[in-house]
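For reference, the structure discussed in these notes is given below.
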Amino acid sequence: MRTTDKRKNCVPGLLHYEACPTRDFTGDCTGAYKWLITAIYFWRTNFFVKSKQAAKAGTYAAEHSLNKHQVERYSRHLLLNSFGLTAQEKLCSSSVLIVGCGGLGSPAALYLAACGVGTLGLMDHDSVDASNLHRQVIHTEERVGTSKAQSGRKACEALNSLIKIRVHEEALSANIALSIIGQYDMVLDCSDNAPTRYLISDACVVTGKPLVSAAAVGTDGQLTVYNYGEDGPCYRCLFPKPPAPENCSRCSDAGVLGVVPGIMGALQALEAIKIASGKGDVLNKRMLVFDALSGKFMTVKLRSKRAGCAACGEHPTLSMSSLPEFDYKAFTGQEAQDGPPVPLQLIPSSERLLPRDAKTILDQALKDSGAIEPIVLDVRPRIQYQLMHLPHAVNIPIEELENRMPEVKELLSNRSGSSPLLVICRRGNASQLAVQQLRMAGYIDAVDIIGGMTQWSRDVDSSMPIL
Ligand SMILES: Nc1ncnc2c1ncn2[C@@H]1O[C@H](COP(=O)(O)OP(=O)(O)OP(=O)(O)O)[C@@H](O)[C@H]1O
C-alpha cells in the first residue's frame with residue numbers, strides 16, 4: 001500500500017503518517033531529504049505547539065480579542081445587554097491615570113482594576129498614614145508608612161493580575177505633567193489641592209485627554225467630567241481664578257466621613273468606564289453634587305467652553321511649551337503637595353517655647369500653686385479640644401479670642417503665681433496669631449508653644465493622639 005510505503009521511508013520519529021508535515025510536498029521520504037525534512041518538521045511542530053499554547057492562554061475564538069480568563073472574569077459585564085463584548089474589549093485596551101491614591105483614588109483604582117482597564121497608572125508621592133485608613137481602602141495597617149502608589153499597586157495586583165499597572169511614585173508637577181498624562185487615554189483627578197487640580201486640567205487640555213474630576217470633604221461630594229466632547233469645559237472655564245487659600249477646606253482640617261470619598265471615587269470609576277467603553281451618557285457639562293446626610297444627589301448644568309479660557313479658549317495662553325513654565329504655586333497661593341500648612345514665623349523663635357520647656361513651666365506652676373491653675377490657653381476649634389487637650393487648658397478658639405478678651409483677663413487675674421500664659425494650637429501657627437492679639441491687648445507674658453499639640457505629642461507625651 002502506498003501509505004505503508006511512505007511510512008516505511010518516512011523520517012525517524014514520525015509515528016503517524018497523517019501527522020507527517022512532509023507528506024504533502026515530498027511524497028515518499030528518501031534518505032536525500034531525510035535531515036532537511038527532519039529540521040523542517042521540528043521547526044513546524046514547534047511552531048504549531050507554540051500556536052496551540054498561545055491559543056490556550058490568548059485569544060481562543062477568532063471573533064474577539066478576549067482570552068478565556070478574561071471572558072470568565074468579566075462574564076457579568078459581557079452578559080449585560082447594555083454593555084457586552086465590544087464595550088469590554090474597549091475597556092481592556094484602555095489606559096487610565098489616577099492622580100492621588102487617597103480617599104477618592106482608592107475606590108476608583110479598585111473598581112478600575114477589577115473591571116479590567118488595560119493599563120492603570122497610580123500616581124502619588126505620599127506615604128500611608130494611620131488616619132488614612134478609615135477611607136483609603138486600598139491601603140492596609142501593614143502598609144502604614146510605605147508609599148501610597150506602591151500600596152495601591154499591591155491592592156490592585158491582588159485583585160486582578162490580568163491588567164498592567166504602572167506606578168508613579170512622585171508628585172505631578174508642571175515639568176512632568178505632559179509626558180506622564182500623554183501616556184494615558186484619560187485622567188482621574190483624585191488629588192486634594194488647587195495647584196494640582198489646575199495643573200491636571202491644563203495638561204489634559206494640552207494633550208487632549210478627558211478628565212474625570214471629583215472632590216469630597218466633610219459630608220459632601222462633587223463630580224464632573226472636563227475636557228470631553230466638542231465643547232466640554234475645562235476646570236479653568238469654570239474657575240478662571242483660584243479660590244482664596246483660606247476658602248479651600250481639606251480633609252486634614254475639616255474632616256471627612258469616610259464613605260463619602262468612597263462613593264465619589266466609585267462614581268469616578270463609572271465615568272471612566274463610560275468614556276473608555278463608549279457606553280452611556282458621560283457627565284459632561286454637568287456636575288453631580290452629593291449630600292451624604294440628606295442622601296440626595298443633585299445634577300447642576302454647567303456652561304460650555306469659555307471663549308476667553310487661558311487653557312482651552314479661542315486664544316489660549318497655555319500650550320505644550322508654556323505649561324512646564326507655569327507657576328501653579330504663585331497662581332493659587334497654595335502648595336501643590338498636601339501636607340501640614342507651611343509653619344508661620346510671626347514671632348521670633350527666641351520668644352517662643354519648645355514643648356519640653358513648656359512642660360517644665362506647666363509642671364512647676366501646678367506644683368507651686370498646689371492646685372489646678374489654668375495657665376494654658378488652647379486656641380484650637382472646640383471639636384479638636386474635646387478630642388484631647390492638656391490638663392487644665394482653657395479653650396477659646398482663635399476666631400473668638402478678640403471678643404472673649406474679658407474671659408482671658410479673668411483667667412489671668414485668678415493666677416496666684418507668675419507663670420506666663422502658655423498658648424497652644426494644633427501645629428503652632430494659630431497660637432502665634434493668638435499671642436500677637438494677646439500682646440496687643442496688653443497681655444505681654446503670653447507665649448506660644450512651637451509645633452502645637454502635634455509637637456507636644458511627639459516630644460512630651462506620646463499617649464496624646466496626633467490629629
Ligand atoms: N500633585 C500631586 N501628585 C500626586 N499625588 C497628589 C498630588 N497632590 C495630592 N496628591 C495626593 O492625593 C491624595 C489625596 O488624598 P486625600 O484627599 O484622601 O487626602 P490625604 O492627603 O491622603 O489625607 P489627609 O488630608 O487626611 O491628610 C493624597 O494621597 C495626596 O498625596
Side-chain angles (χ1 to χ4, degrees), residues 97-110 121-140 143-153 155 166-181 184 187-204 211-223 235 242 248-266 268 323-324 326-329 331-332 334-341 384 387 426-427 454 465-467:
L97 172 67
I98 295 181
V99 182
C101 302
L104 296 164
S106 291
L110 288 177
L122 300 174
M123 181 164 210
D124 206 307
H125 56 281
D126 203 3
S127 50
V128 181
D129 185 85
S131 67
N132 298 150
L133 298 179
H134 87 299
R135 68 187 191 282
Q136 303 186 12
V137 292
I138 207 166
H139 311 304
T140 62
R143 300 203 285 264
V144 167
T146 68
S147 147
K148 280 190 177 180
Q150 290 292 358
S151 171
R153 177 186 58 77
R166 281 193 212 136
V167 171
H168 306 276
E169 269 180 276
E170 58 192 324
L172 191 79
S173 59
N175 53 345
I176 56 168
L178 295 177
S179 63
I180 291 192
I181 287 178
Y184 295 88
V187 182
L188 263 58
D189 182 354
C190 300
S191 73
D192 59 353
N193 58 82
T196 304
R197 290 199 182 283
Y198 279 99
L199 169 62
I200 296 176
S201 173
D202 292 347
C204 282
L211 166 60
V212 184
S213 178
V217 178
T219 54
D220 301 321
Q222 283 182 359
L223 169 79
Y235 188 67
C248 299
S249 1
R250 285 184 174 188
C251 300
S252 51
D253 296 320
V256 60
L257 195 66
V259 68
V260 177
I263 290 165
M264 302 317 293
Q268 277 184 289
L323 189 91
F326 192 81
D327 189 344
Y328 287 89
K329 187 178 165 193
F331 176 61
T332 58
Q334 281 185 52
E335 290 292 326
Q337 298 182 12
D338 193 18
Q384 292 182 25
L387 289 170
R426 188 176 179 191
R427 297 186 183 114
T454 306
I466 295 177
L467 298 180

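Worth saying up front: this structure is predicted, and the values here are computed from it rather than measured. When a ligand or atom number is given, it counts from 1 through the structure's own listing order. The analysis underlying the following values was restricted to heavy atoms, covering all of them including side chains, and did not include hydrogens, waters or symmetry mates.
- The distance from ligand 1 to the heavy atoms of Gly102 drops below 4.0 Å at these ligand atoms: 15 (O), 18 (O).
- Of all the heavy atoms of Asp129, none lies under 4.0 Å from any atom of ligand 1, so neither backbone nor side chain is involved.
- Residue nearest to atom 7 (C) of ligand 1, selected from His125, His168, Gln136: His125 (by heavy-atom distance).
- Looking at heavy atoms from C-beta onward, Leu172 lies in side-chain contact with Ile181 at the 4.5 angstrom threshold.
- In summary, the atoms of ligand 1 found under 4.0 Å from a heavy atom of Asn193, numbered by their order in the structure, are 8 (N), 9 (C).
- Nearest to atom 27 (O) of ligand 1 by heavy atom, out of Ala254, Gly255, Ser252, is Ser252.
- Remark: the backbone N or O of Ser147 is not paired with any side-chain donor or acceptor of Ser151 at under 3.5 angstrom.
- Taking Tyr328 as the reference, Phe326 meet the ring-ring contact (aromatic ring centres under 6.0 Å, His included) condition, with sequence neighbours excluded.
- Nearest residue to atom 24 (P) of ligand 1 from Arg250, Arg135, Lys148 is Arg135 (criterion: closest heavy atom).
- Between Lys148 and Ile138 the shortest side-chain heavy-atom distance does not fall below 4.5 Å.
- Of the heavy atoms in Leu199, none comes closer than 4.0 Å to ligand 1.
- Close approach to Ala171 involves these atoms of ligand 1, each under 4.0 Å from a residue heavy atom: 3 (N), 4 (C).
- Side-chain atoms of Ser106 never come within 3.5 Å of backbone atoms of Gly103 as a donor-acceptor pair (strictly under, hydrogens ignored).
- Looking at residues two or more places apart in sequence or on another chain, you find a side-chain contact (heavy atoms from CB on, under 4.5 Å) between Ala254 and Val217, Ser249.
- The closest non-hydrogen atom to atom 2 (C) of ligand 1, taken over Leu172, Asp192, Ile180, comes from Leu172.
- Asp129 is not listed as a side-chain neighbour of Gln136, based on a closest heavy-atom distance of 4.5 Å or more.
- Applying the 4.0 Å criterion to heavy atoms of Val99 picks out, from ligand 1, the atoms 3 (N), 4 (C).
- Taking any N or O of Cys101, backbone or side chain, none lies under 3.5 Å from an N or O belonging to ligand 1.
- Inter-residue side-chain proximity for His139 and Leu133 is flagged as met; some heavy-atom pair is nearer than 4.5 Å.
- Residue Thr196 places at least one N or O, backbone or side chain, under 3.5 Å from an N or O of ligand 1.
- Ligand 1 lies less than 4.0 angstrom from a heavy atom belonging to Cys190.
- Counting heavy atoms under 4.0 Å from ligand 1, residue Val256 does not touch it at all.
- Shortest non-hydrogen contact noted between Gly121 and Tyr184 is CA-OH, 3.3 Å.
- Between Ser131 and ligand 1, no pair of N/O atoms sits closer than 3.5 Å.
- Closest approach of Asp192 to Arg197, counting heavy atoms only: CA-NH2, 4.4 Å.
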message: Is there a side chain to side chain contact (heavy atoms under 4.5 Å, CB included) between Ile176 and His168? Walk through the geometry before answering.
response: CA-CA 11 Å; Ile176 56 168; His168 306 276; over 6 Å; no
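- Ligand-side atoms of ligand 1 in range of Gly103: 15 (O), 16 (P), 18 (O), range being under 4.0 angstrom from any heavy atom.
- Each of the following atoms of ligand 1 lies closer than 4.0 Å to a heavy atom of Asn132: 22 (O), 23 (O).
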